[in-house]
Amino acid sequence: MTNIWRQVLGKPDLDENSDHFDNGGTSLHMLQLIGEVHREFGIEVKLREVFFHTSPRSLSEFLDSKLGQESPASHDIKS
């Protein structure tokens, strides 16, 4: 998940707690994040979910709870 944030925002130094908006992210970046999460993990994410869970860790933890099990997103949270 962190790698997706790094790629979409173009900032290789981001970590799992890096906030989307604090790092120059826009609503267009959010749409890219949604697409990349779906492509990488096969998980459908809504725009409002990314809006409220603005770090890789936060979104991964949310998806874990939403799916009721460990999601593939949490496997690389620190990557």
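Excluded from the calculations below are hydrogen atoms, water molecules and symmetry mates; all remaining heavy atoms, backbone and side chain alike, are included.
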* Arg39 with Glu36: basic N within carboxylate O range, under 4.0 Å ->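 Yes, charged N to carboxylate O under 4.0 Å.
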To the nearest 0.5 Å, how far apart are [atom1] in [X] and [atom2] in [Y]?
X     : Y     : atom1 : atom2 : value
Lys11 : Asn23 : NZ    : CG    : 4.5 Å
Asp22 : Thr54 : CG    : OG1   : 7.5 Å
Trp5  : Asp19 : CH2   : CG    : 9.5 Å
Ser58 : Glu16 : OG    : CD    : 12.0 Å

### Task
List for me each residue that meets ring pair (Phe, Tyr, Trp, His ring centres under 6.0 Å) alongside Phe51, sequence neighbours excluded, and say none if there are none.
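Here the qualifying residues are Phe21.
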**Asked** By ring pair (Phe, Tyr, Trp, His ring centres under 6.0 Å), which residues pair with His53, not counting sequence neighbours?
**Response**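 His53 satisfies ring pair (Phe, Tyr, Trp, His ring centres under 6.0 Å) with Phe62 only.
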Quiz item: Can you check side chain to side chain contact (heavy atoms under 4.5 Å, CB included) on Leu63 and Phe41, steps first, answer last?
Solution: CA-CA 11 Å; Leu63 293 174; Phe41 302 114; over 6 Å; no
Might you point out which heavy atoms bring [X] and [Y] nearest each other, and give the distance in Å?
X     : Y     : answer
Pro56 : Ser18 : CD-O, 3.4 Å
Ile4  : Glu40 : CD1-CB, 4.1 Å
Met1  : Val37 : SD-CG2, 3.7 Å

Report task. Kindly say whether Thr26 contributes a backbone atom to a donor-acceptor pair with the side chain of His20 at under 3.5 angstrom? Result ->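 Looks like yes, one N/O pair under 3.5 Å.
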Checklist entry - Counting distance only, does the side-chain N/O of Glu49 pair as donor-acceptor with the main-chain N or O of Lys46 below 3.5 Å? => result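 Pair found, side chain donor or acceptor close to backbone of Lys46.
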Checklist line | For Arg48, salt bridge (charged side-chain N to carboxylate O under 4.0 Å, His left out) partners two or more places apart | finding: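 Partners of Arg48 under the salt bridge (charged side-chain N to carboxylate O under 4.0 Å, His left out) test: none.
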Exercise for review: Answer yes or no: is there a side-chain heavy-atom contact under 4.5 Å between Asp15 and Arg57?
Suggested key: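 Not in contact.
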- prompt: Can you find a pair of side-chain heavy atoms, one from Val45 and one from Leu33, that are under 4.5 Å apart?
  reply: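 No, too far: nothing below the 4.5 Å cut-off.
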Judged by modelled atom types alone, do Ser55 and Asn17 share a side-chain donor-acceptor pair under 3.5 Å?
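Side chains of Ser55 and Asn17: no pair found under 3.5 Å.
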| message | Assess the residue pair Leu31 and Val50 against the criterion (side chain to side chain contact (heavy atoms under 4.5 Å, CB included)); give the C-alpha distance rounded to whole Å, side-chain angles, the decisive distance to 0.1 Å, and a yes or no. | response | CA-CA 9 Å; Leu31 294 173; Val50 179; over 6 Å; no
